[in-house]
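One structure is given here, and the rest of the page talks about it.
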Amino acid sequence: MTKLILFNKPFGVLPQFTDRGSETKRATLSDYIDLPGVYPAGRLDRDSEGLMMLTGDGKLQARISDPKYKMPKAYLVQVEGEVSDESLAMLQKGVELKDGLTRPAEVERLEEPDLWPRDPPIRVRKSIPDCWLKLTISEGRNRQVRRMTAAAGHPTLRLVRWSIGDWNLEGLQPGQWRADE
């Protein structure tokens, strides 16, 4: 049996296998992965893209998703506006959110990464610039990266989880997966 699946979740896909109770059909993991006995190790919002990990190993699932293990998760984040050094410092120190202060993040400005086109594309406003960050956190609060960048004055336009621990998306296009045994 496969111990671990690395999946590049496309934008708009629910991070679960079923969509019970919805009046309209939405894409789920079952549209891409047909393997019995694997379950998501953590979540990734429907409007986020990138690395999801699935496993049938409960201990591995806990090690990946439980915040007490502080497994780093790196995100490529396109944000609104040019990010100042002060905003970077704020993210690096930790941001005060409604549910408390976040742990310090590793953050750096990036040139636009060579990613697949998003479908649908982000909204572009000619009068407002955007920029890319690589943001690494070691906790996983609900919509945490989006809330952190917004608190720093830079709403997130696109969010791609690139890696979790030593695992990453290298070589996986949206909707593709590979076993990592």
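Quick note: numbers below take in every heavy atom, side chains included, and nothing from hydrogens, waters or symmetry partners. Residues take their numbers from the sequence shown, with the count starting at 1.
Under the side-chain hydrogen bond (donor to acceptor under 3.5 Å, both in side chains) criterion, T28 pairs with S30, sequence neighbours left out. Applying the side-chain hydrogen bond (donor to acceptor under 3.5 Å, both in side chains) rule to R143 yields the partners D45, D47; only residues at least two apart in sequence or on another chain are considered.
Counting only residues at least two apart or on different chains, the ring-ring contact (aromatic ring centres under 6.0 Å, His included) pairs with a member in residues 14-72 are F7-Y32.
For the residue pair S48 and R146, a side-chain donor N or O sits within less than 3.5 Å of a side-chain acceptor on the partner. Side-chain atoms of W177 and N8 form no donor-acceptor pair, as typed in the model, at a separation below 3.5 Å.
A 6.0 Å sphere centred on NZ of K25 holds more than 12 heavy atoms belonging to other residues, nucleotides or ligands. Within 6.0 Å of atom CG in D99, more than 12 heavy atoms from other residues, nucleotides or ligands are found, so the atom counts as buried in its surroundings. In E111, the CD atom is not crowded: 12 or fewer heavy atoms of neighbouring residues, nucleotides or ligands sit closer than 6.0 Å.
Of all non-hydrogen atoms in L54 and V38, the two that sit nearest each other are CB-CB, 4.2 Å. The shortest non-hydrogen separation linking I128 to G81 is CG2-N, 4.2 Å. Listed here is the closest heavy atom pair of A105 and I137: CB-CG2, 4.1 Å. When every heavy atom of P15 is checked against every heavy atom of R43, the shortest pair comes out as CG-NH2, 3.6 Å. Taking every heavy atom of both residues into account, G50 and L44 meet most closely at O-CD2, 3.7 Å. Heavy atoms only, all atoms of each residue included: A41 and T55 are closest at CB-CG2, 4.5 Å.
Side-chain N or O atoms of R109 include one that pairs as donor or acceptor with a backbone N or O of V83 at under 3.5 Å. Side chain of Q92 to main chain of P104: no donor-acceptor pair is present (N/O by atom type, distance under 3.5 Å, no hydrogens or angles). With T156 contributing its side chain and L159 its backbone, the two residues share no donor-acceptor pair below 3.5 Å. The closest donor-acceptor contact from the side chain of R103 to the backbone of S138 lies under 3.5 Å. One N or O on the side chain of R141 and one on the backbone of G100 form a donor-acceptor pair closer than 3.5 Å.
Counting heavy atoms from C-beta on, the side chains of V160 and L115 come closer than 4.5 Å. No side-chain heavy atom of E49 sits less than 4.5 Å from a side-chain heavy atom of K9. Using a 4.5 Å heavy-atom threshold, the side chains of E139 and Q144 count as touching. Side-chain contact between V77 and R158: absent, with no pair of heavy atoms (C-beta onward) separated by less than 4.5 Å. Under the 4.5 Å side-chain criterion, counting only non-hydrogen atoms from C-beta, Q78 is not in contact with C131. With a 4.5 Å cut-off on side-chain heavy atoms, I64 and L4 count as touching. Looking at heavy atoms from C-beta onward, L157 lies out of side-chain contact with V79 at the 4.5 angstrom threshold. The shortest distance between side-chain heavy atoms of R178 and L172 falls below 4.5 Å.
Hydrophobic clustering of Ile, Leu, Val, Met, Phe, Trp and Tyr side chains at less than 4.5 Å, counting indirect connections, unites L60 with L51. Linking ILVMFWY residues whenever their side-chain heavy atoms come closer than 4.5 Å, directly or via other members, leaves L14 and M53 in distinct clusters. Under a hydrophobic clustering in which Ile, Leu, Val, Met, Phe, Trp and Tyr are joined whenever their side-chain heavy atoms come within less than 4.5 Å, directly or via other members, F11 and W132 fall into different clusters.
Ion pair E80/R123 flagged as a salt bridge, since at least one NZ, NE, NH1 or NH2 atom sits closer than 4.0 Å to an Asp/Glu carboxylate oxygen. Ion pair D130/R125 not flagged as a salt bridge, since none of the NZ, NE, NH1 or NH2 atoms sits closer than 4.0 Å to an Asp/Glu carboxylate oxygen.
The distance from the OG atom of S163 to the CE atom of M71 is 10.5 Å, given to the nearest 0.5 Å. Between E108 atom CD and L91 atom CG the span is 12.5 Å, to the nearest 0.5 Å. Within the model, atoms CD of Q176 and CG of L6 stand 12.0 Å from one another, a figure rounded to the nearest 0.5 Å. Rounded to the nearest 0.5 angstrom, L29 CG and L35 CG are separated by 11.5 Å. Taking CE of M90 as the reference point, atom OG1 of T102 lies at 9.0 Å (rounded to 0.5 Å). L76 CG to L110 CG: the interatomic distance, rounded to the nearest 0.5 Å, is 6.5 Å.
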- Could you check K134 against Y75 for side-chain contact (heavy atoms from CB on, under 4.5 Å), going step by step and ending with a plain yes or no? CA-CA 6 Å; K134 180 179 181 187; Y75 297 83; over 6 Å; no
- Message: Could you walk me through whether T136 and V107 satisfy the side-chain contact (heavy atoms from CB on, under 4.5 Å) test, starting with their C-alpha distance in whole Å, then the side-chain angles of each, then the deciding distance to 0.1 Å, before giving a yes or no?
- Response: CA-CA 6 Å; T136 303; V107 63; over 6 Å; no
